[in-house]
Amino acid sequence: MGGKVFGKIEKEVMLKLLDGQDDNLAVLRDQYAQSAVKKREYSGTGFFTSFEIPDDISKLKTSKSIQLGDVVAEIKGVKDGVGFVLFIKNGVIDFLEGYTYGEEKWPKEISEYKLSYFSGLKRDMKKLQEKW
């Protein structure tokens, strides 16, 4: 599944999902920096990467489940593009889902891609902060 390149896009997606001037995003960035990949599963049309977060790390003040899903990508060879959702449970990063739009298969190799937000090059921070 594109090994090294896959790891590169996954890391860039996580950094983009956690980017922004916001205290909650800062907590999540710290969690991600100290995380390890626990498991990665492929579904055919996407993937799920579960993270292991240290028990003693700072958590979000809310325990409600939150999904950050405003990052999308154009990938060479994938007609309709792909999307990503980061799932946060009990104040900590749980897993990242990547998926193709429609029934198209997740590419075996990722040679060229471009990440953006649903809102374009700049993130809609107001909409994001409503999640907290």
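FYI, side chains are in, hydrogens and waters are out, and symmetry mates aren't considered; it's all heavy atoms of this structure. One-based numbering along the sequence shown.
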Taking 4.0 angstrom as the limit, do [X] and [Y] come out as a salt bridge?
{"X": "R123", "Y": "D70", "value": "yes"}
{"X": "E52", "Y": "K38", "value": "no"}
{"X": "E12", "Y": "K16", "value": "no"}
{"X": "E10", "Y": "R40", "value": "yes"}

Judged by atom type as modelled, is there a donor-acceptor pair below 3.5 Å linking the side chain of [X] to the main-chain atoms of [Y]?
{"X": "E97", "Y": "F84", "value": "no"}
{"X": "T100", "Y": "T45", "value": "yes"}
{"X": "S119", "Y": "K122", "value": "yes"}

Closest non-hydrogen atom pair, [X] against [Y]:
{"X": "F118", "Y": "G69", "result": "CE1-O, 3.1 Å"}
{"X": "D22", "Y": "M125", "result": "CB-CE, 3.9 Å"}
{"X": "K11", "Y": "Y32", "result": "CA-OH, 3.6 Å"}
{"X": "K59", "Y": "Q31", "result": "CA-NE2, 3.7 Å"}
{"X": "R29", "Y": "L18", "result": "NH1-O, 2.5 Å"}
{"X": "W106", "Y": "Y99", "result": "CZ3-N, 3.7 Å"}

Reported [atom1]-to-[atom2] distance for the pair [X] and [Y], which is rounded to 0.5 angstrom:
{"X": "K76", "Y": "S111", "atom1": "NZ", "atom2": "OG", "answer": "5.0 Å"}
{"X": "L68", "Y": "I88", "atom1": "CG", "atom2": "CD1", "answer": "4.0 Å"}
{"X": "T62", "Y": "N90", "atom1": "OG1", "atom2": "CG", "answer": "9.5 Å"}

Heavy-atom distance under 4.5 Å between the side chains of S35 and I93, does that happen here? no
When you compare the side chain of L28 with that of L60, does any pair of heavy atoms fall below 4.5 Å?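 Sidechains of L28 and L60: in contact.
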same_hphob_cluster([X], [Y]) at 4.5 Å side-chain heavy-atom cutoff:
{"X": "V72", "Y": "Y113", "result": "no"}
{"X": "V85", "Y": "F51", "result": "no"}
{"X": "V92", "Y": "F87", "result": "no"}
{"X": "L96", "Y": "V78", "result": "yes"}
{"X": "L86", "Y": "F47", "result": "yes"}

Report the C-alpha separation of W132 and L25 in whole Å, then their side-chain angles, then the decisive distance to 0.1 Å, and conclude whether the side-chain contact (heavy atoms from CB on, under 4.5 Å) test is met. CA-CA 10 Å; W132 314 129; L25 290 172; 4.0 Å; yes
Given side-chain contact (heavy atoms from CB on, under 4.5 Å), test I75 with I9 step by step and report yes or no. CA-CA 10 Å; I75 296 179; I9 190 173; 4.0 Å; yes
